[in-house]
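These notes concern the structure reproduced below.
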Amino acid sequence: MIGNDIVDLKQAAKDSNWKRPRFLDKIYTPNEQKLIWSAKNQDQMVWLLWSMKEAAYKVNVQQFGKRFFNPKRLECTLLSNLKGEVIIGDNRYITESIITEAFIYSIALIESDKSYKSEWFFNQSQDYITRSKCLKKRFLKTLNLDEVTIVKNKIGVPKLQHNSDMLDVSFSLTHHGAFSGYAML
């Protein structure tokens with residue numbers, strides 16, 4: 001299973017004031033807050049940890065079929081600048097991230113040795129629905145299959161359907177601000 005998340009740093013700066021009182025306490029564990037406050041680029045660290053949590057959460061929901069909202073239940077650890085792990089209960093997810101001045105893109109996997117395909121891209125449209133449609137269209141084009149659609153299961157996890165058959169493909173889609181990305185096993 002695979003999960004991904006992208007954060008447009010310009011959009012995040014506009015939408016969120018993470019320095020407001022108690023924001024970090026609601027989202028990040030004490031160890032994660034230490035990482036944030038000790039980072040050279042605190043803004044970048046806030047959104048790196050957030051994208052790691054989101055990517056791992058997507059894998060966890062696929063794996064166990066249950067949604068929850070408790071960001072502090074997810075504990076991030078950095079193994080290097082671009083690699084990390086997220087612990088959710090007894091489950092460990094490995095993350096890989098790309099950090100640029102414009103965005104942070106993270107992918108989470110259950111097993112670190114799995115190969116995957118991923119792409120991120122710039123999407124000029126400011127309209128949420130248009131960005132979502134563009135992402136889905138671009139992802140489906142990579143599959144080289146006719147009549148494949150994306151449907152969501154009862155808890156909102158996207159699945160691939162070919163004609164009337166559900167395909168056993170793990171994938172994840174994300175978009176935020178001007179950036180979009182997909183990842184699949």
Side-chain angles (χ1 to χ4, degrees), residues 1-9 12 26-29 31-33 35-36 44-100 103-121 128 131-132 135-136 138-140 142-143 148-162 165-177 179-185:
M1 288 172 217
I2 192 165
N4 70 344
D5 188 63
I6 199 160
V7 176
D8 179 326
L9 295 172
K26 291 178 184 177
I27 307 292
Y28 299 100
T29 67
N31 287 335
E32 292 167 339
Q33 290 182 47
L35 287 172
I36 292 166
Q44 186 181 78
M45 184 60 70
V46 164
W47 301 117
L48 171 62
L49 296 175
W50 178 261
S51 71
M52 290 169 59
K53 285 178 182 264
E54 283 289 313
Y57 174 78
K58 288 179 178 181
V59 178
N60 186 270
V61 170
Q62 289 175 55
Q63 189 177 12
F64 296 106
K66 292 185 179 175
R67 291 189 172 278
F68 62 89
F69 182 78
N70 182 356
K72 289 174 75 169
R73 184 174 160 203
L74 293 79
E75 174 89 34
C76 296
T77 304
L78 294 178
L79 305 175
S80 70
N81 278 352
L82 303 176
K83 293 192 183 280
E85 70 178 8
V86 179
I87 304 296
I88 305 174
D90 294 331
N91 302 286
R92 178 177 178 254
Y93 305 95
I94 302 301
T95 64
E96 296 179 8
S97 301
I98 296 170
I99 301 172
T100 73
F103 67 88
I104 296 173
Y105 180 58
S106 294
I107 294 172
L109 301 159
I110 295 173
E111 301 170 42
S112 61
D113 60 346
K114 287 274 189 185
S115 64
Y116 59 87
K117 179 178 181 172
S118 178
E119 180 185 11
W120 60 265
F121 56 94
Y128 180 88
R131 285 193 312 258
S132 181
L135 170 59
K136 290 173 184 174
R138 191 156 175 170
F139 169 65
L140 290 172
T142 67
L143 299 175
V148 175
T149 58
I150 297 172
V151 297
K152 291 189 176 183
N153 69 9
K154 63 185 176 193
I155 61 166
V157 175
K159 300 287 184 182
L160 291 176
Q161 185 173 338
H162 183 248
D165 299 321
M166 298 306 288
L167 302 179
D168 187 23
V169 176
S170 178
F171 71 98
S172 183
L173 306 173
T174 183
H175 60 90
H176 180 243
F179 298 95
S180 298
Y182 64 82
M184 72 176 172
L185 290 176

For Gln44, side-chain hydrogen bond (donor to acceptor under 3.5 Å, both in side chains) partners two or more places apart: none

Could you note down all residue pairs passing salt bridge (charged side-chain N to carboxylate O under 4.0 Å, His left out) where residues 69-83 supplies at least one of them, sequence neighbours left out? Lys83-Glu96

Side chains of Phe68 and Leu74: does their closest heavy-atom pair fall under 4.5 Å? yes

For Ser106, check side-chain hydrogen bond (donor to acceptor under 3.5 Å, both in side chains) against everything at least two apart and list the hits. Ser51, Ser97

Report, one line per pair, each donor and acceptor closer than 3.5 Å where one atom sits in a side chain of residues 85-95; sequence neighbours left out.
from, atom 1, to, atom 2, distance (Å)
Glu85, OE1, Arg92, NE, 2.5
Glu85, OE1, Arg92, NH2, 3.2
Asn91, ND2, Ile88, O, 3.4
Tyr93, OH, Asn60, ND2, 2.9
Tyr93, OH, Gln63, OE1, 2.5
Thr95, OG1, Gly84, N, 3.3
Thr95, OG1, Gly84, O, 3.3

Going by side chain to side chain contact (heavy atoms under 4.5 Å, CB included), name the residues that satisfy it together with Lys117, two or more places apart in sequence or in a different chain. Thr142, Tyr182, Met184

Hits for side chain to side chain contact (heavy atoms under 4.5 Å, CB included) against Leu9, two or more places apart or cross-chain, chain-then-number order -> Val7, Trp47, Ile104

Contacts of Lys58 that satisfy salt bridge (charged side-chain N to carboxylate O under 4.0 Å, His left out) - sequence neighbours left out: none

State which residues pass side chain to side chain contact (heavy atoms under 4.5 Å, CB included) with Thr149; sequence neighbours excluded, sorted by chain then number. Val151, Gln161

What residues form a side-chain hydrogen bond (donor to acceptor under 3.5 Å, both in side chains) with Arg67, not counting sequence neighbours? none

Those residues at least two apart in sequence (or on a different chain) that pass side-chain hydrogen bond (donor to acceptor under 3.5 Å, both in side chains) with Arg138 are Glu119

Side chain to side chain contact (heavy atoms under 4.5 Å, CB included) against Asp113, all qualifying residues, sequence neighbours excluded: Glu111

Results of ring pair (Phe, Tyr, Trp, His ring centres under 6.0 Å) for Phe179 - residues two or more places apart only: Phe103, Phe122

